[in-house]
Amino acid sequence: MTTRMQVQSRFLASLVGACSLCGLAAASAPPPPDAMDATDAWMYVRNRTNGQATEDPPAITGAHLILRHAGRPLATAYALDRAQPDPLLTATESLLSRAARRLDAMNIPRPLAAEALKRATIDVETAGPLVPITAPTLELAARELDPARDGIALRVEDAWHIRFPAALRMTGGAATASALLELAAVVGRTPAELDTDRRLGRAAIYKFRTIDLRQAADDRLPSIFERGATTESWNPTVQDVALLRRSIGQHLLRHLQTGEKGELWLAGAYHPESDSWTPVKADSRDTAIALLAFDRLRNDPELGRRSQLALIELLRTIDRSDDIVAAICSSIEGEPDSTMLLGRLASPQTSEMDKAILAWALAPHFSEQTQFTNWMRSLETMSQTQIDQLQPWAGWVYARSGAGSDPSWGPALVERVRVRMKPSGPWINAGYGAPLLRLAASLPAIDHDETALKLALGMVHALTMKPSEVRFLPSPDAALGGVREAMWNERMPVWVQSLAILLLDDTLQLETRLYGPVEEDSP
């Protein structure tokens, strides 16, 4: 039987470790709940689900409870002391009631249902004190939130609306401006109306921190879970980079699905908390970018055969009605259709991002064409922000066209990328994510800046789900090796996996050019 002392000892050890890994400045962070109260709260809920006698529940600010069967939520409940006098008791009673109704709907006899509750795992997220956010607008209020760790509470008159971090995580959300806008919509206010209500005292927004105790299996003690906790700095060897590429490649291969007639297609973004794919089928542009990754993985000792088969089948079946998709596919297959690509590149109706992709496809074969050189010159008039928005394609054009000797724009592009990758940039916890990955993906191709490249590789490593992080999920194998969209957003889009693979493969190619062939570990 799990004792209170065992939970406290295990919990305090993990709490010390988690705090030492925290990557964000804590100056404005809300205080966490009392550690012993969090332990007692978990023990109270565990004993109630086991049908055991319990002491009175601890007095806490609020709690969010999740009852899981085989990793999947069976019932959830939450309560806040501002709305209920005894939040843990209220939430536990609600959780047990919802679980009983769910088990009844599954036609499970009462004795078996009681046994099922004992075998279920328990997540208990305990809230600390609510801290008011006094910023005058929702936009400014969002800047005071840590998306990885904060919960949000909104009071309108006497009604309370709360979003615990665990509840946000289960739906792929976080404490961001989007969450504040969603809360405003829930209470029937526009952002401007809610800002007015806050100024008049009719409404208020609060943030709070939690301690989240999660149980990986019913016979194990709970562990503290901290979303977005950064790990120690990564100092990889070439073999480490190759193994990380393989791990992400294995996840990307799990996106492959087989239809009723045996056809192969690619699922969309993977959501590890719900073990689901959205959309069910990736669009043609995501699939085309994945083809670039599969093309690189053909040389992997373990993944080569499956990647080759995926590449051949998807190239055969992909919808090429989109000119950009056609350009990427034809670039993989050989020399692309220059007439179509050059015409689109010169068209004022073509978006700047599409022009960058078209120029990438043209660069190895047609960089002397007037349309191509005109586009290259147009980059000289763009701002840093505009150039950054065209990454990684603009950087790849620079590398593929041999423009490294052209001082008009290439070195400036290199410098901008280098500056963004420096430690003084947004390289802290919640700053890790897909936008910076887009910028970093072209680094190995355009310049050998060891500091910037090391930071970029560290970001990919931090974003990649590891065995220690997937143990709480419904399908650990499906999530393992997936690259999150951000440290506070576990969604795993196809294009993020693909860019990470391309960045890692380009790094390995750069190492080969500089220092000789890379010897990868065989499986």
Side-chain angles (χ1 to χ4, degrees), residues 7-8 10-12 14-19 21-24 26 28-46 57-68 73 76-84 86-92 94-95 121-133 144-155 160-176 179-180 183 205-215 222-230 273 429-430 469 472 487-490:
V7 176
Q8 288 178 346
R10 168 77 171 270
F11 167 69
L12 288 174
S14 61
L15 179 62
V16 171
C19 290
L21 297 176
C22 180
L24 285 176
S28 61
D34 180 80
M36 293 300 100
D37 284 346
T39 304
D40 290 344
W42 187 88
M43 286 297 303
Y44 174 82
V45 179
R46 179 74 275 180
I60 56 176
T61 301
H64 180 270
L65 316 178
I66 306 174
L67 189 67
R68 298 179 186 270
T76 65
Y78 71 88
L80 184 70
D81 65 356
R82 307 298 177 93
Q84 292 90 12
D86 216 338
L88 186 58
L89 176 63
T90 301
T92 304
S94 177
L95 182 79
T121 58
I122 302 291
D123 299 352
V124 176
E125 188 177 33
T126 308
L130 302 187
V131 175
I133 298 177
E144 296 188 21
L145 294 170
D146 176 350
R149 298 183 179 89
D150 284 346
I152 311 170
L154 170 64
R155 177 190 62 79
W160 285 85
H161 305 268
I162 189 167
R163 297 292 183 270
F164 277 83
L168 290 167
R169 187 177 66 247
M170 289 177 68
T171 58
T176 62
L180 292 179
L183 277 175
I205 297 174
Y206 302 83
K207 60 182 177 179
F208 60 93
R209 286 288 168 90
T210 63
I211 290 176
D212 193 357
L213 287 176
R214 302 184 70 174
Q215 194 179 20
S223 298
I224 190 169
F225 175 85
E226 187 176 28
R227 188 185 199 186
T230 59
E273 287 283 347
N429 200 347
E469 297 175 291
F472 297 115
M487 295 305 289
W488 45 267
N489 183 350
E490 291 78 12

Look up atom CD1 in Ile162 and atom CG in Leu80, then write down how far apart they are to the nearest 0.5 Å. 4.0 Å

Side chain to side chain donor-acceptor pair (under 3.5 Å) partners for Thr92, two or more places apart: none

Residues that Pro132 engages under side chain to side chain contact (heavy atoms under 4.5 Å, CB included), provided they are two or more places apart: Tyr206

Test side chain to side chain contact (heavy atoms under 4.5 Å, CB included) applied to Ala41 - qualifying residues, sequence neighbours left out: Pro58, Leu88, Val124, Thr126

CZ (Arg68) and OG1 (Thr76) are apart, to the nearest 0.5 Å, by 9.5 Å

If the condition is salt bridge (Lys or Arg N to Asp or Glu O under 4.0 Å), which residues does Glu125 pass it with, not counting sequence neighbours? none

Say you draw a straight line from CG of Asp86 to CD1 of Ile60; how long is it, rounded to the nearest 0.5 Å? 9.0 Å

Look up atom CZ in Arg163 and atom NE2 in His64, then write down how far apart they are to the nearest 0.5 Å. 10.0 Å

Mind checking the CG-CZ spacing from Asp150 to Arg227? Nearest 0.5 Å is all I need. 11.5 Å

Close side-chain approach of Thr121 to Pro222, heavy-atom, < 4.5 Å: no

Phe472 and Ser223 have their tightest heavy-atom pair at CZ-CB, 4.1 Å

Residues which pass side chain to side chain donor-acceptor pair (under 3.5 Å) with Tyr44, listed by chain and number, not counting sequence neighbours: Arg48

Quick check: closest heavy atoms across Asp37 and Ala59, and the distance to 0.1 Å? OD2-O, 3.9 Å

Just do the side chain to side chain contact (heavy atoms under 4.5 Å, CB included) check on Ile211 and Ile224 with the steps written out, would you? CA-CA 7 Å; Ile211 290 176; Ile224 190 169; 4.3 Å; yes

Where Leu67 and Ile122 come nearest, the two heavy atoms and their spacing: CD1-CD1, 3.0 Å

So which atom in Ala174 and which in Trp488 form the shortest heavy-atom distance, rounded to 0.1 Å? CB-CE3, 3.4 Å

Taking side chain as C-beta onward, heavy atoms only, is Arg82 less than 4.5 Å from Arg155? no

If you look at every heavy atom in Leu145 and Ala175, which pair is closest and at what distance? CB-O, 3.5 Å

Residues passing the side chain to side chain donor-acceptor pair (under 3.5 Å) test with Arg214, sequence neighbours excluded, are Asp123

Listed partners of Ala127 passing side chain to side chain contact (heavy atoms under 4.5 Å, CB included), at least two apart: Thr61, Phe164, Phe208, Thr210

Nearest 0.5 angstrom please: Trp160 CH2 to Leu154 CG, how far? 8.5 Å

Flag the pair Arg209 and Asp146 as a salt bridge only when some basic side-chain nitrogen lies within less than 4.0 angstrom of an acidic carboxylate oxygen. yes

Which residues satisfy the side chain to side chain donor-acceptor pair (under 3.5 Å) test with Asp212, sequence neighbours excluded? Arg169

All heavy atoms of Pro31 vs all of Pro129, minimum pair found to be O-CD, 3.5 Å

With sequence neighbours left out, the residues meeting side chain to side chain contact (heavy atoms under 4.5 Å, CB included) with Asn489 are Glu485, Ala486, Arg491

